[in-house]
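Structure record follows, encoded as structure tokens.
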Amino acid sequence: MYSLSRRGFLAASAATAATLALPARVRAQAGGLSLTATTRTIDVRGKSATVWGLLDSNGKSGLVLDPGQRFAVDLKNTLAEPTLIHWHGQIPPNMQDGVPGIPMPMLEPGESRAYDFVARAGTHWMHAHIAEHEMNLLAAPLIVRRPEDLAADRQEVTLMLHDFSFKSPAEVLAEISGGTSMAGMDMETAGQAGADMDTSGQGSMPGMDMSSMGQGGMAGMEMDLNDYNFDAYLANDRTLDDPEVVQVDKGGRVLVRVINAGAATVFWIDTGALPGRLVAVDGEPVQPLPGARFGVAMGQRIDVEVDVPGDGGAFPILALREGARERTGLILATPGATVTKISDMSDGDNPVFSGDLAQEAALRAVTALPGRAPVSQPVLALGGSMKPYVWTINGQPWGTHVPVTAKSGERVEITFQNNSMMGHPMHLHGHAFQVVAVGMDRIAGAVRDTLHVPAMGMVTVAVDAGEAARWVLHCHHIPHLWAGMMTEFAVSA
């Protein structure tokens with residue numbers, strides 16, 4: 001007899017509801033791609049929770065594109081309020097980038113919008129660019145496979161991480177900010193507020209002594225790692241009380257595509273007994289970096305290869321909350337293996353990732369940007385305070401920000417100087433950049449789109465300015481973004 005578990009019932013109900021919500025013209029398309037922004041129900045430690053999500057035409061979360069397949073997608077909003085989706089890691093035309101008001105308005109309830117652009121290969125994701133919506137789990141994986149992925153003799157597993165609260169996002173933000181944040185700095189109004197901002201000027205910090213800055217951390221000062229203790233930490237919507245168990249082959253190779261969709265949590269990915277290799281970051285291949293523990297900040301993605309032993313077994317792939325005991329994850333298990341329960345707490349606090357740039361300094365791009373001299377070298381000072389809860393770039397929050405400027409085709413080197421005691425994962429829309437310096441040490445580092453700058457750390461990236469348009473550049477710690485930590489990369493023709 002077939003038995004449907006409570007979790008299975010919730011998932012089936014959500015899938016059915018999502019399918020019925022799709023417009024008839026999309027349901028009728030043979031092989032057409034569609035996404036629906038909708039509500040769904042998940043189970044968190046035996047308690048139902050209504051969250052949001054992005055479901056495909058089969059009611060599954062996210063999209064997987066084949067090599068060379070265009071991102072040709074119809075997006076429909078079936079939520080009760082306007083929203084808009086950003087294709088994180090993709091480089092679409094600016095019109096399709098997904099920041100409210102820059103330049104397109106939000107998607108109204110019941111409205112559909114078509115997207116069509118060349119997809120950037122790799123492990124990416126998509127999410128609302130409105131703080132409260134993203135914190136309500138309006139996000140999903142976006143995997144664009146390469147020909148090498150199809151040829152490789154390995155299994156692929158996606159691991160998407162979230163931090164979760166039973167409280168509403170508005171309540172969480174109010175608690176984090178202590179009620180002292182800048183009113184109106186959520187992403188919905190931020191997108192509109194910036195529409196008429198002056199895009200002249202160049203962010204810089206004249207007179208700063210760069211020689212005094214090291215590779216992260218400052219003696220005698222204590223980093224502030226976590227703004228908020230969430231109720232649960234999720235791996236593919238589940239906790240370690242009831243983790244996802246993925247069947248794998250004895251002696252097989254597995255590529256684990258990790259997406260940190262958390263609002264405010266840095267994780268370590270711990271492969272445990274399985275030998276691991278970090279082979280890509282933010283969708284771009286890197287020279288394989290061996291290890292069993294790799295850090296991933298908010299908005300970042302890492303691809304980790306592991307080898308399953310020939311005698312098989314059950315192997316947890318854990319995500320450890322930085323500087324705390326909480327953990328989540330999934331389990332790779334060969335047929336017939338015994339899967340034992342794993343505590344969602346480590347024996348002691350997990351290590352700090354934010355204060356150490358050793359991993360970033362060790363990464364090397366497989367395909368680097370072509371060598372050329374930069375036209376400009378702006379410095380962006382990252383700062384802010386807990387009281388009042390305001391986070392800034394070069395001393396200014398969004399709305400009074402001074403954009404970084406460039407002409408299309410120019411090479412720009414941007415130095416991120418973190419003058420605060422919290423880490424900031426900085427994400428640039430519409431571009432990929434290469435890490436070219438960690439502290440004062442020049443490297444041919446990884447190509448990526450989201451860079452974690454630890455407390456008191458300094459990192460420099462090289463970027464070739466793309467389409468002439470306004471591209472936002474912001475911290476992917478969502479409360480920091482909500483409180484103003486965003487500027488523009490304003491590209492002119």
Side-chain angles (χ1 to χ4, degrees), residues 2-3 5-8 11 42-46 60-61 64 123 141 143 145 148-162 232-260 267-281 286 288-296 301-322 324-351 353 359:
Y2 177 73
S3 176
S5 67
R6 180 171 181 273
R7 179 182 295 280
I42 63 173
D43 183 279
V44 181
R45 298 197 180 113
K60 295 182 178 180
S61 180
V64 178
T123 301
I143 309 301
R145 305 184 76 195
E148 304 93 290
D149 296 323
L150 298 185
D153 183 17
R154 67 189 182 192
Q155 184 176 345
E156 294 188 8
V157 175
T158 298
L159 173 58
M160 190 163 188
L161 302 169
H162 277 112
Y233 298 86
L234 307 179
N236 296 345
D237 290 340
R238 300 167 80 152
T239 67
L240 283 175
D241 295 281
D242 181 23
E244 180 178 5
V245 179
V246 180
Q247 184 169 306
V248 296
D249 295 331
K250 295 180 179 180
R253 177 167 291 177
V254 181
L255 179 69
V256 184
R257 298 179 181 268
V258 182
I259 302 165
N260 187 350
F267 291 98
W268 287 100
I269 302 303
D270 192 328
T271 63
L274 298 182
R277 295 170 300 281
L278 181 60
V279 297
V281 298
V286 294
L289 182 66
R293 186 171 286 183
F294 306 98
V296 57
R301 292 85 67 209
I302 60 174
D303 292 1
V304 180
E305 273 189 346
V306 295
D307 294 313
V308 179
D311 56 357
F315 305 96
I317 305 295
L318 298 178
L320 316 176
R321 184 188 180 201
E322 174 197 39
R325 294 182 58 207
E326 292 90 347
R327 61 187 183 182
T328 187
L330 53 73
I331 298 173
L332 307 179
T334 57
T338 299
V339 178
T340 58
K341 185 175 177 61
I342 303 171
S343 171
D344 62 2
M345 291 286 183
S346 302
D347 292 337
D349 285 351
N350 302 312
F353 174 61
Q359 177 176 294

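No hydrogens, no waters, no symmetry mates; every other heavy atom, side chains included, goes into these values. Not measured: the values here are computed from a predicted model.
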Subject >> Any residue meeting side chain to side chain donor-acceptor pair (under 3.5 Å) with E305, in chain and number order, not counting sequence neighbours >> reply: R154, R277
Subject >> K250 to G310 - nearest heavy-atom pair and separation >> reply: CB-O, 3.4 Å
Subject >> L234 side chain near T239 side chain, heavy-atom distance below 4.5 Å >> reply: yes
**OP:** Would you mind reporting whether M345 and R327 have side-chain heavy atoms less than 4.5 Å apart?
**Re:** no
**OP:** Please report the closest heavy-atom contact between A232 and V44, naming both atoms and the distance.
**Re:** CB-CG1, 3.7 Å
**OP:** Answer yes or no: is there a donor N or O on one side and an acceptor on the other, between the side chain of D344 and the main chain of D241, under 3.5 Å?
**Re:** no
Subject >> Which atom of A280 lies closest to which atom of V286, heavy atoms considered >> reply: N-CG2, 3.7 Å
**OP:** Provide the closest heavy-atom pair for M160 versus P141 in the form atom of the first, atom of the second, distance.
**Re:** SD-CD, 3.4 Å
Subject >> Residue pair V157 / L255, side-chain heavy-atom distance below 4.5 Å >> reply: no
Original post:
Rounded to the nearest 0.5 Å, what separation is found between the CG atom of D237 and the CD1 atom of I42?
Top reply: 5.0 Å
**OP:** Might you work through the side chain to side chain contact (heavy atoms under 4.5 Å, CB included) test for R145 and V64, ending with a clear yes or no?
**Re:** CA-CA 7 Å; R145 305 184 76 195; V64 178; 3.9 Å; yes
**OP:** Under the side chain to side chain donor-acceptor pair (under 3.5 Å) rule, collect the residues that match up with R325, sequence neighbours excluded.
**Re:** none
Original post:
Would you say L240 and L318 make side-chain contact, with heavy atoms under 4.5 Å?
Top reply: yes
Original post:
Looking at CZ of R293 and CG of D270, how far apart are the two atoms once the value is rounded to the nearest 0.5 Å?
Top reply: 4.5 Å
Original post:
Once you round to the nearest 0.5 Å, how far does CD of E156 lie from CG of L150?
Top reply: 8.0 Å
**OP:** Determine yes or no for a side-chain-to-main-chain donor-acceptor pair under 3.5 angstrom, with N350 supplying the side chain and R321 the backbone.
**Re:** yes
Original post:
Do the side chain of T328 and the main chain of Y233 share a donor and acceptor less than 3.5 angstrom apart?
Top reply: yes
Original post:
Any side-chain heavy atom of L274 sitting closer than 4.5 Å to one from V254?
Top reply: no
Original post:
Only one of V339, V306, V308, L330 forms a side chain to side chain contact (heavy atoms under 4.5 Å, CB included) with F315, so which one is it?
Top reply: V308
**OP:** Can you see which heavy atom on T271 is nearest to which on I317, and at what distance?
**Re:** CA-CD1, 4.0 Å
Subject >> Whether Q155 side chain and Q247 backbone form a donor-acceptor pair below 3.5 Å >> reply: yes
Original post:
With sequence neighbours left out, what residues match D249 under side chain to side chain donor-acceptor pair (under 3.5 Å)?
Top reply: none
**OP:** Could you tell me the separation between the CG atom of D303 and the CG atom of L278, rounded to the nearest 0.5 Å?
**Re:** 8.0 Å
Original post:
So do P243 and N236 actually touch side chain to side chain, heavy atoms under 4.5 Å?
Top reply: no
**OP:** Decide whether T123 and R257 meet the rule of one side-chain donor and one side-chain acceptor closer than 3.5 Å.
**Re:** yes
Original post:
E244 and V246: which non-hydrogen atoms are nearest, and at how many Å?
Top reply: OE2-CG2, 3.8 Å
